[in-house]
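As structure tokens, the structure follows; a few thoughts come after it.
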Protein chains: 2
Amino acid sequence: MSITDTREIIMATARKMVQTRGYNGLSFRELAKEVGIKSASIHYHFPTKGDLGAALARRYTEDGMAYLNGLRAESDDLGTWMKGYTDIFRAALLNDNRMCLCGIMAAEFDDLPPEVRVEVDAFTDLNVQWLSGVLDACRPQLSAEEQTRQAMAIYAAIEGAQLVARGRDDISVFDATVQAYQSAGLLPG
Amino acid sequence: MSITDTREIIMATARKMVQTRGYNGLSFRELAKEVGIKSASIHYHFPTKGDLGAALARRYTEDGMAYLNGLRAESDDLGTWMKGYTDIFRAALLNDNRMCLCGIMAAEFDDLPPEVRVEVDAFTDLNVQWLSGVLDACRPQLSAEEQTRQAMAIYAAIEGAQLVARGRDDISVFDATVQAYQSAGLLPG
DNA sequence: ACCTGAACACCGTTCAAGT
DNA sequence: ACCTGAACACCGTTCAAGT
């Protein structure tokens with residue numbers, strides 16, 4: 001086992017925990033037990049909880065953007081793009097009623113150390129940027145400001161749909177809500 | 001000071017703390033310090049943290065519904081109703097970037113004791129019910145199911161707008177997002 | 001390079017004891 | 001009726017010590 005392996009196992013395990021219980025709900029002792037080391041050893045890889053949280057958010061953003069950019073590269077269909085987008089959030093709910101890592105952390109805003117806040121912000125920015133790109137492809141007549149505003153609204157609405165559906169532990173709430181967004185024309189396609 | 005007074009002070013103080021830091025972020029010791037008693041004394045009024053959380057959510061729901069029902073009684077104007085509705089969430093952000101008590105708790109779903117979950121669910125139900133009533137007044141041609149679905153979508157979208165705006169600590173994000181919802185026709189009026 | 005046990009100040013909770 | 005101090009098992013963090 002090299003350095004990287006243990007570090008990766010810690011991150012994968014912690015990511016699941018945060019998506020389920022939140023940043024505050026993440027316990028170093030519980031995490032260590034699951035990984036099979038002592039809690040003090042976690043601090044060797046991530047000096048503070050904030051370091052771990054920031055690393056998790058950064059990786060989560062990287063993975064998400066790789067998926068989304070692949071989606072745009074592989075298809076020219078607006079419907080495929082938007083279904084691919086909403087499916088990220090749907091998949092989290094399907095996966096043990098988990099939440100978007102940065103969505104759940106946004107709710108804990110006041111408890112987050114600055115280095116984590118920065119990464120949560122970056123996730124939001126990149127989501128809005130990607131959605132703006134999609135809007136530019138399908139609604140080029142809109143100004144850049146209007147595209148950004150609509151992209152922000154789409155992102156916020158999807159996060160809200162996930163939050164509420166999760167609170168009900170009912171994925172059909174998510175599906176029905178996304179469909180209502182589509183009917184209203186909030187989502188393109 | 002009667003029983004009720006201390007109890008009320010505890011609830012008012014705890015409510016602010018939960019709207020800022022969440023259920024997990026609420027500390028009995030910190031709460032006690034602010035109230036001016038010892039943490040063990042909190043347990044006299046609320047045996048467990050779950051009891052306190054449930055009482056907070058129930059009171060929050062009661063207060064909100066009293067406001068919303070007053071709104072519908074005092075005016076016949078759809079715009080006034082919807083502005084009154086979104087203003088609840090806007091006011092929380094204006095008040096030290098706080099969140100809807102039940103919105104922040106919904107994100108902590110997995111950490112909530114059952115008695116708190118029940119109250120968070122009730123809040124959602126009553127919001128959807130109130131919004132359905134508004135939709136029935138302005139879009140009577142819709143089926144009850146469709147009204148409920150749209151009401152759920154409105155509630156989820158507003159919660160999401162608050163969540164994202166709070167993460168940015170920027171109320172203009174909330175305002176722009178709500179306006180985008182209105183332009184799309186997701187919000188009536 | 002990586003891990004550990006022990007200590008620190010925190011946490012919710014319990015309970016016998018005070019008034 | 002209401003409050004308290006002390007104890008319990010938890011928490012993140014630090015650090016000297018191990019290999």
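Chain A is the first sequence line, chain B the second, and so forth, proteins listed ahead of strands; every chain is numbered from 1.
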Nearest whole angstrom, please: distance from the C1' of dC3(D) to the CG of D5(B). 16 Å

Is it true that the NZ or CZ of R117(A) lies under 6.0 Å from the centre of F109(A)'s six-membered ring and within 45 degrees of the ring axis? yes

When D121(B), N127(B), D125(B), V120(B) are each screened for side-chain contact (heavy atoms from CB on, under 4.5 Å) with F123(B), the one that passes is N127(B)

Against Y85(B), only a single residue in Y67(B), W130(B), Y181(B) fulfils ring pair (Phe, Tyr, Trp, His ring centres under 6.0 Å); can you say which? W130(B)

Which of these nucleotides, dC3(D), dG5(D), dT4(C), is closest to any side-chain atom of I37(B)? dC3(D)

Can you tell me if H45(A) touches the phosphate of dA1(C), counting only side-chain N or O atoms and a distance under 4.0 Å to OP1 or OP2? no

Its contact letters, B for base, S for sugar-phosphate only and - for none at protein heavy atoms under 4.0 Å, make nucleotides 6-19 of chain D read -B---BBBB-----

Could you check whether any side-chain N or O of R29(A) sits under 3.5 Å from a backbone N or O of S39(A), counting only pairs where one atom can act as donor and the other as acceptor? no

Is a donor on one side and an acceptor on the other found under 3.5 Å between the side chain of Q162(B) and the backbone of C100(B)? yes

Where does the angle between the aromatic ring planes of Y155(B) and F89(B) fall among parallel (under 30°), tilted (30 to 60°) and perpendicular (over 60°)? perpendicular

Dot-bracket for DNA chain C, 5' to 3', counting Watson-Crick or G-U wobble pairs under 3.5 Å, with [ ] for crossing pairs and | for inter-strand pairs? ||.|||||...|||||.||

Exam field: side chain D77(B) to backbone T80(B), donor-acceptor pair closer than 3.5 Å: yes

Rounded to whole Å, please give me the gap between OH in Y44(B) and P in dC3(D). 8 Å

Counting N and O atoms only, with roles assigned by atom type, does the side chain of E108(A) sit under 3.5 Å from a partner on the main chain of Y23(A), one being a donor and the other an acceptor? yes

Looking at dC3(C), I'd like to know if its phosphate oxygens (OP1 or OP2) sit under 4.0 Å from a side-chain N or O belonging to T6(A). yes

